[in-house]
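One structure is given here, and the rest of the page talks about it.
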2 protein chains.
Amino acid sequence: MLSKKTKYALHALTYLAKKDANEPTLILEIAENSRIPRKFLESILLDLKKQGILNSKMGKGGGYFLRQTPAQIQISTIIRLFNGPIALLPCVSLNYYQRCDECTDEMTCGLNKVFIDVRNETLRILENKSIQDIVNQEL
Amino acid sequence: MLSKKTKYALHALTYLAKKDANEPTLILEIAENSRIPRKFLESILLDLKKQGILNSKMGKGGGYFLRQTPAQIQISTIIRLFNGPIALLPCVSLNYYQRCDECTDEMTCGLNKVFIDVRNETLRILENKSIQDIVNQEL
DNA sequence: AATTCATGCTATCAAAGAAGACAAAATATG
DNA sequence: CATATTTTGTCTTCTTTGATAGCATGAATT
C-alpha cells in the first residue's frame with residue numbers, strides 16, 4: 001500500500017495540475033483543499049522541488065507551481081520518490097537494489113525470477129500513468 | 001515491498017513443494033535450509049495451516065506438508081495473507097476495503113479511478129503465478 | 001515589516017521481526 | 001500399559017523500525 005505521504009503528494013500534484021502553472025499557489029490553499037496536514041505537506045512539496053517537479057517563489061505572491069506538465073509527471077516517479085521501490089523484493093528492484101540475506105545465489109532463486117517478471121509487468125502499467133490521467137478522471 | 005514474513009512464507013512453501021507431500025518435513029529442516037529464524041517460521045507455518053494450505057503432524061515422524069498442490073497455491077493468496085492488500089490504496093482494495101479520510105467523494109476522486117485500473121492489471125499478473133512457477137524456475 | 005518558504009528536531013504510535021518458556025499431542029520403547 | 005522422547009502449539013515479551021505529525025526557528029523575497 002502507498003504511504004499517506006505518497007497519497008498526499010499525488011493529491012497535491014493533482015491540485016496544482018488543475019491550476020494555472022504561472023500563478024504560484026499557497027501551501028495553505030493546497031493543504032486545506034486537499035485535506036493534508038500543513039506541515040507535512042510542506043516537506044512533501046520541498047521534496048518535489050528538489051526533484052525538479054515543482055518550483056516555488058518566496059515572499060508575497062509566492063507559492064508553489066508545476067515545473068513539468070502533468071503528462072510528464074509519471075505516477076511511478078512519485079511512488080519511487082515517496083514510497084520507495086516498486087518491485088516487491090529488494091533483489092529485483094531497479095532503483096533500490098539490495099541483496100537478500102537469506103538467498104545464497106540469486107541465479108538459482110525461483111522467487112527472484114518470478115518477481116522480476118512481476119516487476120516488469122507492473123512497471124509497464126505504472127509508467128503509462130501520469131498526473132494528467134488523474135486530472136482527466138476528475139473532469 | 002513484501003515483508004520478510006511474506007518472503008519467508010514463499011520460501012518455505014517452495015521448499016515443501018519440492019518434497020514428497022506425503023512425508024512430513026521438520027520445521028527445523030525448513031528453517032535451516034531456507035535460512036528462516038526458527039520460531040518466526042513456526043508462526044508462519046501455523047498461519048498457513050489455519051488457512052488450509054498446509055497440514056501438520058505432531059510427534060516423531062511429524063512435521064509439515066502441503067495440503068494443496070503447488071499449482072493451486074496462488075502467490076496472490078500468500079501475499080494477501082501475510083502482506084495485506086495488493087491494491088495500492090485502501091479505497092480500491094477488494095479484500096481490505098477502507099474509505100480514505102481525505103477523500104470526500106470516491107465518485108469524483110481521480111486517484112481512486114486510476115488505482116482501480118492499476119489494481120485490476122496487477123491482479124491479472126499475480127493470480128497467474130503460483131508456487132509451482134517458483135519451483136519451475138529453480139529446476 | 002509582512003509574508004512565505006526552508007530546515008531541523010522531537011514525540012508518538014503502530015507494526016514487524018525475533019526469541020523464550022512452557023503446554024499438548026503423537027509415537028516409540030520397555 | 002506407562003513413560004520418555006519427539007515434535008508441533010500457544011503465549012508472552014522484547015527490540016527495532018518506520019510512518020505520521022507537530023514545533024521552533026531561520027532565511028529569502030516583496
Side-chain angles (χ1 to χ4, degrees), chain A residues 1-12 16 23-32 34-51 53-67 79 81-85 88-90 96 98 100-102, chain B residues 1-12 16 23-32 34-51 53-67 79 81-85 88-90 96 98 100-102:
Chain A
M1 300 270 282
L2 300 182
S3 67
K4 284 198 181 180
K5 200 166 183 177
T6 312
K7 217 191 324 179
Y8 289 160
L10 291 171
H11 276 298
L16 286 173
E23 280 181 18
T25 305
L26 292 187
I27 292 181
L28 197 63
E29 181 186 333
I30 307 172
E32 285 178 350
S34 301
R35 305 191 177 178
I36 304 172
R38 192 238 163 105
K39 271 309 202 177
F40 205 15
L41 179 58
E42 277 187 31
S43 72
I44 291 168
L45 295 177
L46 211 53
D47 284 346
L48 288 168
K49 182 181 173 181
K50 283 178 190 158
Q51 294 297 316
I53 295 166
L54 293 183
N55 212 341
S56 68
K57 201 181 153 191
M58 278 185 162
K60 189 156 193 171
Y64 276 95
F65 50 96
L66 291 189
R67 200 168 173 178
I79 293 182
L81 186 53
F82 293 103
N83 218 65
L88 291 176
L89 295 179
Y96 296 84
Q98 257 187 314
C100 287
D101 324 323
E102 322 86 64
Chain B
M1 300 272 281
L2 300 182
S3 66
K4 284 198 181 182
K5 202 166 182 174
T6 311
K7 216 190 327 179
Y8 290 160
L10 292 171
H11 275 299
L16 286 173
E23 281 182 16
T25 305
L26 293 186
I27 292 180
L28 196 64
E29 181 187 334
I30 306 172
E32 285 178 350
S34 300
R35 306 190 178 179
I36 304 172
R38 194 241 162 105
K39 268 310 198 179
F40 203 19
L41 179 58
E42 277 189 33
S43 72
I44 292 168
L45 296 176
L46 213 54
D47 283 346
L48 288 168
K49 181 182 174 181
K50 283 178 189 155
Q51 293 297 317
I53 295 167
L54 293 182
N55 212 342
S56 67
K57 204 180 152 192
M58 278 183 162
K60 184 150 196 172
Y64 276 94
F65 50 96
L66 292 189
R67 201 167 171 179
I79 293 182
L81 186 53
F82 292 103
N83 218 65
L88 291 176
L89 295 179
Y96 296 82
Q98 258 188 313
C100 287
D101 324 324
E102 322 86 65

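Below, chains carry the letters A, B, ... as their sequence lines are ordered, and counting in each starts from 1.
Atom CG in B:D47 sits roughly 11 Å away from atom P in D:dT10 (whole-Å rounding). Going from atom CG of B:L48 over to atom P of D:dT8 covers 14 Å, rounded to whole Å. With rounding to whole Å, B:K60 atom NZ is found 7 Å from D:dT7 atom P. Rounded to an integer number of Å, the gap from CG of B:L41 to P of D:dT10 is 15 Å. Distance B:M58 CE to D:dT5 C1': 14 Å, rounded to the nearest Å. The nearest whole Å value for the distance from the CG atom in A:L26 to the P atom in D:dT29 is 17 Å.
Within the nucleic acid shown, A:I27 comes within 4.0 Å of sugar-phosphate atoms alone, with no base atom in reach, counting heavy atoms only. At the heavy-atom level, B:K49 lies under 4.0 Å from the strands shown only through sugar-phosphate atoms.
Residue A:I36 holds its CD1 atom at 7.5 Å from CD1 of A:I30, rounded to the nearest 0.5 Å. Distance CD1/A:I53 to CG/A:L66: 9.5 Å, rounded to 0.5 Å.
Under the side chain to side chain donor-acceptor pair (under 3.5 Å) criterion, A:T6 pairs with A:S3, A:N83, not counting sequence neighbours. Checked against side chain to side chain contact (heavy atoms under 4.5 Å, CB included), A:S56 has the following partners two or more places apart in sequence or in another chain: A:K49, A:Y64. With sequence neighbours excluded, no residue forms a side chain to side chain donor-acceptor pair (under 3.5 Å) with B:K57.
Running 5' to 3' along DNA chain C, contacts with non-hydrogen atoms of chain A at under 4.0 Å begin and end at C:dT3 to C:dT7.
Between B:C100 and A:K7 there is a side-chain heavy-atom pair separated by less than 4.5 Å. For the pair B:T25 and B:F65, the minimum side-chain heavy-atom distance is 4.5 Å or more.
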Nucleotides 19-25 of chain D: which of its N/O atoms have a protein N/O under 3.5 Å away?
unit_1	atom_1	unit_2	atom_2	d
D:dT20	OP1	A:K4	N	2.7
D:dT20	OP2	A:K4	N	3.1
D:dT20	OP2	A:K5	N	3.3
D:dA21	OP2	A:Y8	OH	3.4
D:dA24	N6	A:K39	NZ	2.9

Determine all donor-acceptor pairs shorter than 3.5 Å in which one atom belongs to a side chain in residues 39-48 of chain B; sequence neighbours excluded.
unit_1	atom_1	unit_2	atom_2	d
B:K39	NZ	B:E42	OE1	3.0
B:K39	NZ	B:E42	OE2	3.4
B:E42	OE2	B:R38	NE	3.0
B:S43	OG	B:F40	O	2.9

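Remark: B:Q98 CD is loosely packed, at most 12 non-hydrogen atoms of other residues, nucleotides or ligands lying under 6.0 Å away.
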